[in-house]
> 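Structure incoming, see below.
Only this structure's heavy atoms are used, side chains among them; waters, hydrogens and symmetry mates stay out. Protein chains get the first letters and strands the later ones, always in sequence-line order, with residue 1 at the start of each. Model, not experiment: these values are computed from the prediction.
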Amino acid sequence: MTDQPVRIAQLSCGPEHSGVQKEIYDAAAAVNAEMFFPDVTLTDIRRSYDAFGLEARSGDLKLAIGRAMALVEGKVEADAVFIATCFRCAEAAIVRNELRHYIHEHSDLPVVSYSFTERTTSGTLLTRMEALTTIARRRALLAREEQKGTTMGVDSGSATTKAVIMRDNEIIGTGWLPTTEVLNSANGAIEAALKEAGLEMADIEAFGTTGYGRYLVGEKLGADLIQEELTVNSKGAVYLADRQHGEATVIDIGGMDNKAISVQDGIPGTFTMGGICAGASGRFLEMTAKRIGVDITELGPIAMKGISKTVPMNSYCIVFGTQSLVNALAEGSSREDVAAAACRSVAEQVFEQQLQEVDIKEPVIMVGGTSLIEGLVHEMGDLLQTEILVPHHSQYIGAVGSALLASGFIEEK
Amino acid sequence: MAKVFIFPATSLILSDMVERWGHEALGAATGIRERIQTASLDSPPLQMTPEDPKKGLKYAAVEVPCGVRGRMALYGPLIEEADAAIIINDADLSFGCMGCARTNELVMFMIRQRKGLPVLDIKYPETDDEGFAFVSQIKEFLAGLGGESDD
């Protein structure tokens, strides 16, 4: 990378004493970013603390408030903000949440917040740091609203690999395969998409990759753009839902982790990525479908016929969730009610664990493979008290976002 | 000479007062001094690793935030080693400040749990008069612990 390092302001409490400061530095260095601590004086801290009005008792949280105000007031310049505090600290959670909200409301700095334990590694932080640097570094690229030429996007996800071919702002080919061997799955999905489009690889003018296997696939096949899924999915979601301007919230319940992204004009402002447990992911719904003897594509319609509240289920952990599921079936609950309860449980976990960390702005757009499970979309809408948008081709969101952004590279060639 | 745990543990003024009156101050600098892993003596403090919060499990359970446990890995042994302690409540930021209020609560509790440990527990002064009284109280407390003053 030849770009100037992106400067990320760190507002934190506890990372040094938890032994994870090095992990934060390493994650930032991996994406050509540098962490720095906004320089404030004791007087600034006293003044900011009073002006902000939140009576934190911890010195480091007071310092974080002072630094946040210095950033918002333009006394210190940064490209992005990383807020990190200890997991399980209630006082820090309040401050973290309010600071994220404050910076988001009063500046255009991208913010990500994270609660760490001593087991947090640079690998865990990498995608978040990459998204932060992308937003800071590639605003011009992310501003693209129209796909041009013939481009391809590949989303090498943890559960499935998707490929999309686009030409002049239209999807002309799609392909997907379960992810097994990363490169083979990608090649298979690409082949299917090319076949549907009636094209050959030589016809592709530019292409991008995203998802867990993005580096492997992108580097092997010579992608023009290798990009994490937070920014790519945001872009793909607002593009497909035709909500490229203004606010939106993107929810992607994936096979391995979930993403909740608060978007402004197609660019992520705040986001969370977890990481909670398999019980709050698409995997649990796959298991539910298998247990009640239906294909995953049938789970949504079945769930829509059931009443979720008749079956107690708390799938924070996939093992306990499955136990509840088995018990409910053994006690005579209908498979419709069990399917509905499973959808409710996943929606509740995501709502309680992740959606609290971003500002929910309407419209709420659900994307990814799980957005096709209508029972899940219904339960999420019920929890959020809003009608959720599921755009056409929502399961190809990452591939579409990649193909859209990749068209920016045609002009460079 | 007594080993005196100081709170706020980062207070250089308090550390200096304890040492001027012939004792050894146990505070943040003490812990750091023994753990230099940086290029220079005055490099930023606390080169801690993820192992430290695990050592802190001796003082706080696993559900306690890792930052508290990491700090306790540093301060817990000092409190155990101390012959006396001085606690300054509501100290101004410029006097020396601690980053984590939850750790502060646990540190105070540990000090109070040590039966028979001489403790001076006073408030940070806000006026000149309180300032004179503050220094006198500390001097008197330290003199009562034995040791030699350098003034």
> Evaluate whether atom CD of Glu77(A) has more than 12 neighbouring non-hydrogen atoms of other residues, nucleotides or ligands under 6.0 angstrom away.
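No, the 6.0 Å shell around CD holds no more than 12 heavy atoms from other groups.
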> Would you say the side chains of Ser58(A) and Glu91(A) form a donor-acceptor pair under 3.5 Å?
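Their side chains do contain a donor-acceptor pair, which is all the 3.5 Å distance test asks for.
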> Check for me whether the distance between the ring centres of Tyr75(B) and Tyr59(B) falls short of 6.0 Å.
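No, the ring centres sit 6.0 Å or more apart.
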> Could you check whether Ser12(A) and Gln10(A), counting side-chain N and O atoms only, form a donor-acceptor pair closer than 3.5 Å?
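The answer is yes; a qualifying pair exists.
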> Answer with side chain, backbone, both or neither: which region of Cys13(A) has an atom nearer than 4.5 Å to a non-hydrogen atom of chain B?
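For Cys13(A), the contact with chain B is made by the side chain alone.
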> Please flag which part of Ile45(A) lies under 4.5 Å from any non-hydrogen atom of chain B: side chain, backbone, both or neither.
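Side chain of Ile45(A) only, per the 4.5 Å heavy-atom cut-off to chain B.
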> Could you list the residues that satisfy salt bridge (charged side-chain N to carboxylate O under 4.0 Å, His left out) with Glu228(A), not counting sequence neighbours?
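Glu228(A) satisfies salt bridge (charged side-chain N to carboxylate O under 4.0 Å, His left out) with no other residue.
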> How close do Ile65(A) and Val95(A) get, counting heavy atoms only, and between which atoms?
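Looking at all heavy atoms of both residues, the closest pair is CG1-CG1, 4.1 Å.
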> Go through the side-chain N and O atoms of Ser324(A) and Asn327(A) and say whether any donor and acceptor fall under 3.5 Å apart.
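Judged by distance alone, the side chains do not pair up.
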> As an exercise: rank Cys66(B), Cys100(B), Gly56(B) by heavy-atom pairs under 4.5 Å with chain A and give me the winner.
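Highest number of heavy-atom pairs under 4.5 Å: Cys66(B).
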> Using a heavy-atom distance cut-off of less than 4.5 Å, which residues of residues 103-133 of chain B contact chain A?
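Listed by number: Glu105(B).
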